[in-house]
Undergrad: 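Structure incoming, see below.
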Amino acid sequence: MKIVYSCFTTDVIHEGHLNIIREAKKYGTVVIGVLSDAAMVKFDRFPTISFEERMELVKSVPGVDRVIKQESLMYDEVVELLHPDYVIHGDNWLQGPTKAIRDNVERLITPYGGQIIDVPYTYNEKVKHIDAKIREKLMMPEFRRKRLRQLLRIRPIVKAIEVHSGITGLIAEKTVVDHEGRLDQFDAMWISSLCDSTAKGKPDIELVDMTSRFRTIDDVMEVTTKPVIFDGDTGGLTEHFVYTVRSLERMGVSAVIIEDKTGLKKNSLFGTEVKQTQDSIEHFSEKIRAGKSVQLTDDFMIIARIESLILERGMEDALKRAAAFVQAGADGIMIHSRKKDPAEIIEFCGRFRAEDNKTPLVAVPSSFNTVTEEELQNYGVNIVIYANQLTRSAFPAMEETAKDILRYHRAKEVDDRLLPIKDIISLIDTL
Ligand code: SPV
Ligand code: MG
C-alpha cells in the first residue's frame with residue numbers, strides 16, 4: 001500500500017478535513033500528522049484543546065489509518081520517518097506564507113518520486129463559522145489569560161510587540177512572515193504606557209488614567225486573541241494596585257509589569273536626565289505581595305521591573321532587588337537598560353540565572369537593539385518586548401504624508417505609499 005500523508009492543525013474536524021481524508025483514501029494508507037502545540041502556535045493560533053485531545057479527535061475519524069505527532073512546521077522529520085508516496089493538503093497553501101511549507105515538502109519528496117496532491121480548499125459559510133467560533137473562544141478571558149504561562153512552557157522565547165489600539169492589535173495578531181524558509185509571528189502584545197500615552201498626545205507620567213488604559217486594553221482585546229502584557233507603570237498606590245490586579249485579571253490580561261519607582265514617574269528612556277525616584281525594596285515588595293494576595297486565578301502574573309540600571313544604582317542593587325521581589329512573590333523579573341550596548345543586561349541575566357533558573361526574565365531591547373532574540377534566549381531571557389516600534393514607525397510616516405499634502409496641495413503624490421483601501425478591508429474582520 002502507498003502511504004498518503006496529511007498534517008492537521010485543527011481543534012475541530014469539519015467537512016474540509018473529511019474531504020481531504022476521502023481524497024487521500026483513494027491513494028492508499030492514510031496517515032495523519034497532528035501538529036504539536038509548539039509548532040501550531042508558531043504557525044497559526046493557539047489550540048483550544050490539548051494535543052492529546054487533538055490526537056484522539058483525529059484518530060476517531062473514519063478513514064484515518066494511523067495518527068502521528070508532527071513536531072515542526074516543516075516536514076523534514078516526517079518525510080524521513082514515513083517516506084510518504086503522497087502528501088495531500090488543501091490548495092490554499094499554493095499562496096501566502098504557507099507556500100513555504102509546500103515548497104519544503106516538494107523539495108523533500110520529489111527526489112524519490114513522491115507527489116503532492118492539492119485538493120480544492122473547502123472554505124464555505126459553515127467552515128468559516130467554525131473557524132470564527134474557535135477564534136472567539138480564544139478571545140474569552142479564561143482562555144486568553146493563561147496563555148502567557150502556556151507560551152512560556154512551549155516557546156524558547158516569547159515575543160511581544162507594542163500595541164495601543166484595535167488596528168495595531170490587528171497587526172500584532174495577523175502579521176506572519178515567511179523568511180529564510182521559516183514562518184514567524186508575534187506571540188503576545190504589550191500595552192505600553194509610553195505608546196498608549198503618545199497615542200493620546202500625552203506625556204508618559206501616569207497621566208492617562210486607568211479607566212482610559214483599560215479602554216485601550218478593551219479595544220485591543222475586542223479584535224485579537226493573543227495574550228496581553230500590561231505596562232502598569234509603578235502600579236500606583238498599593239491600595240489602588242490591588243483593584244487594578246482584579247480588573248486586569250477579570251478582563252483576561254495575562255500579566256502586569258510594575259516598575260520599582262515612586263512619586264512622579266517619568267519614562268525610563270530619560271534615565272537620569274530627569275528626576276526619578278526609586279521605590280524602597282520593602283515598599284515595592286509589599287506592593288507585589290498585596291497584588292499577589294488578591295489574585296483569584298493561578299494564571300495571572302505580576303512581573304517586577306527593576307530600574308536600578310536605568311537610574312545608575314548599579315548591578316549589585318539590581319540583583320539584590322530581583323532576589324527580594326521574587327521572594328515577595330513576583331512571577332517574573334523585567335530588567336531594563338537604556339545603554340546601546342547589551343553588556344549590563346547580559347551580566348544581569350548571567351548572574352541572576354546563576355542563582356535562579358526558573359523565574360521568567362523579561363528584556364526590552366529598545367536601546368540595545370543589536371541583540372538578537374536567539375542571543376537573549378541564550379542569556380536566559382524568556383520574554384522579549386518590542387516596546388514602542390509600531391508607534392515610532394507610524395509617526396514619521398504620518399508626518400511625511402501630512403507634509404506632502406501641504407507641499408503639493410493634493411494627495412496624489414502620497415498615494416503610492418498608502419495602504420490600499422481594499423487591504424484595510426481584508427485586515428478588519430466583519431461578523
Ligand atoms: C513603555 O513601553 O512604556 C515602557 C518601556 O515602559 S520604556 O519606554 O522603555 O520605559
Ligand atoms: Mg511604560
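Atoms within a ligand are numbered from 1 in the order they appear, just like the ligands themselves.
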Undergrad: How about D356 and T359: does a side-chain donor come under 3.5 Å of a side-chain acceptor?
TA: yes
Undergrad: Polar-atom distance check: E259 versus ligand 1, any N or O pair below 3.5 Å?
TA: no
Undergrad: Which bit of R338 gets closer than 4.0 Å to ligand 1, counting heavy atoms only: side chain, backbone, both or neither?
TA: neither
Undergrad: Side chain or backbone, does L269 bring an N or O within less than 3.5 Å of an N or O on ligand 1?
TA: no
Undergrad: Does any N or O of ligand 1 fall below 3.5 Å from an N or O anywhere on W190, backbone included?
TA: yes
Undergrad: Look at the rings of W93 and H89 and say which category their plane angle falls in: under 30° parallel, 30 to 60° tilted, over 60° perpendicular.
TA: parallel
Undergrad: Taking heavy atoms and a distance under 4.0 Å, where does D231 meet ligand 1: side chain, backbone, both or neither?
TA: side chain
Undergrad: So is N388 close enough to ligand 1, meaning a heavy atom under 4.0 angstrom away?
TA: no
Undergrad: Sequence neighbours excluded, which residues qualify as side-chain contact (heavy atoms from CB on, under 4.5 Å) partners of L207?
TA: K202, P203, I205
Undergrad: Check for me whether R305 has a heavy atom closer than 4.0 Å to any atom of ligand 1.
TA: yes
Undergrad: Rounded to the nearest 0.5 Å, how far apart are CG of D260 and CZ of R321?
TA: 4.5 Å
Undergrad: Using a 6.0 Å distance limit plus a 45 degree cone around the ring axis, check whether K226 lies over the aromatic ring of F186.
TA: no
Undergrad: Within a radius below 2.8 Å of the Mg ion (ligand 2), how many protein N, O or S atoms are present?
TA: 2
